[in-house]
Amino acid sequence: QLNGYRIEHKVLKVAYSRKSDEEIKGSKLYLQKLPPQYTEEEIANYFQSYGNAVQVRVVTDKATGQSKGIGFILFSKRAEAEAALADLDNKIPPGGTQPMRIKFADDNAKKVKAPSQYNYYTQPPYPVHGGYGEGMGGSRGPMRNPGGRFRFNPMGNSGAYGGGYGGGSTSYGADYYSPPSQGGGY
């Protein structure tokens, strides 16, 4: 009942889960150079002689809704996907003008995420400074030494060259937030 239901700009896809089995793994094909007029139903019909198409998806441009000429088809078994790949790769489909390219889709489990350049969970939410107008000495962040540039701090401690009321540097440091401080600095 919920398959195809639209929530704002998203469309729900609901399907039965499949147990992971060696005969099922790697049964998804990536299709390139699809004829632009092909719908998901037409792709399923074109591939139906090779086996049961569990899921078919055509990638479309979000702004125009037009096909980007690429798609995916998931077969119920890897042997079906292999047969379709062997027979239809580099063949011009009906209504097409160029040979369709087919290959196995990447398995997302094999993809490795790039390491983060900055660990947001171990760093404090703002630069830690010692107070008393430390100037450029203890600034952290992407700007190590801004070289004499004056910075406006909207949290506005009134010190012109280094700290004001005991907070961090308001002019030379790379402070994007100076925490309010207790006590007096100069």
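Positions are given from 1 along the sequence.
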Subject >> Gap separating the CZ atom of R57 from the CD1 atom of I73, nearest 0.5 angstrom >> reply: 13.5 Å
Original post:
Okay, side chain of N3, backbone of V14: is any donor-acceptor separation there less than 3.5 Å?
Top reply: yes
Original post:
After noting the C-alpha distance and the side-chain angles of I43 and L31, does the key distance pass the side-chain contact (heavy atoms from CB on, under 4.5 Å) rule?
Top reply: CA-CA 10 Å; I43 293 171; L31 314 171; 3.9 Å; yes
Original post:
In Å and rounded to the nearest 0.5 Å, what is the CD1 to OH distance from I70 to Y30?
Top reply: 4.0 Å
**OP:** Examine K28 relative to F72 and say whether NZ or CZ is less than 6.0 Å from the centre of the six-membered ring and inside a 45° cone about the ring axis.
**Re:** yes
Subject >> Within-4.5 Å side-chain heavy-atom neighbours: M100 and Y46 >> reply: yes
Original post:
Do the non-hydrogen side-chain atoms of L88 and F47 ever get within less than 4.5 Å of each other?
Top reply: yes
Original post:
Got a second to check how far L34's CG is from K68's NZ, nearest 0.5 Å?
Top reply: 13.5 Å
Subject >> Worked verdict on K13 versus Q55 for side-chain contact (heavy atoms from CB on, under 4.5 Å) >> reply: CA-CA 10 Å; K13 295 213 176 198; Q55 183 183 39; 4.1 Å; yes
**OP:** Quick one: closest heavy-atom pair of P94 and P35, and the distance?
**Re:** O-CG, 4.5 Å
**OP:** Examine distances only and state if a side-chain atom of D61 and a backbone atom of A63 form a donor-acceptor pair shorter than 3.5 Å.
**Re:** yes
Original post:
Do you know which two heavy atoms are closest between S67 and P36, and how far apart they sit?
Top reply: CB-O, 3.5 Å
Subject >> F104 six-ring centre to R78 NZ/CZ under 6.0 Å and within 45° of normal >> reply: yes
**OP:** Take atom CD of Q37 as the centre, draw a 6.0 Å sphere, and report whether it contains more than 12 heavy atoms from other residues, nucleotides or ligands.
**Re:** yes
Original post:
Short question: side chain of K91, backbone of D87 - any donor-acceptor pair under 3.5 Å?
Top reply: yes
Original post:
Taking all non-hydrogen atoms of both residues, which atom of S27 and which atom of L74 are closest, and how far apart?
Top reply: OG-CD1, 3.4 Å
Subject >> From CA spacing to verdict: side-chain contact (heavy atoms from CB on, under 4.5 Å), V11, Y5 >> reply: CA-CA 6 Å; V11 176; Y5 183 75; over 6 Å; no
Subject >> Approximate separation, where rounding is to 0.5 Å, of Q32 CD and D89 CG >> reply: 9.5 Å
Original post:
In Å and rounded to the nearest 0.5 Å, what is the CG to CD distance from N90 to Q98?
Top reply: 11.0 Å
**OP:** Please round to the nearest 0.5 Å and tell me the distance separating atom CG of L85 and atom OH of Y50.
**Re:** 10.5 Å
**OP:** Check the pair L29, F75 against side-chain contact (heavy atoms from CB on, under 4.5 Å), reporting the backbone distance first and the verdict last.
**Re:** CA-CA 8 Å; L29 297 177; F75 285 96; 3.7 Å; yes
Subject >> Pairwise side-chain contact, L12 with I7, heavy-atom cut-off 4.5 Å (strictly under) >> reply: yes
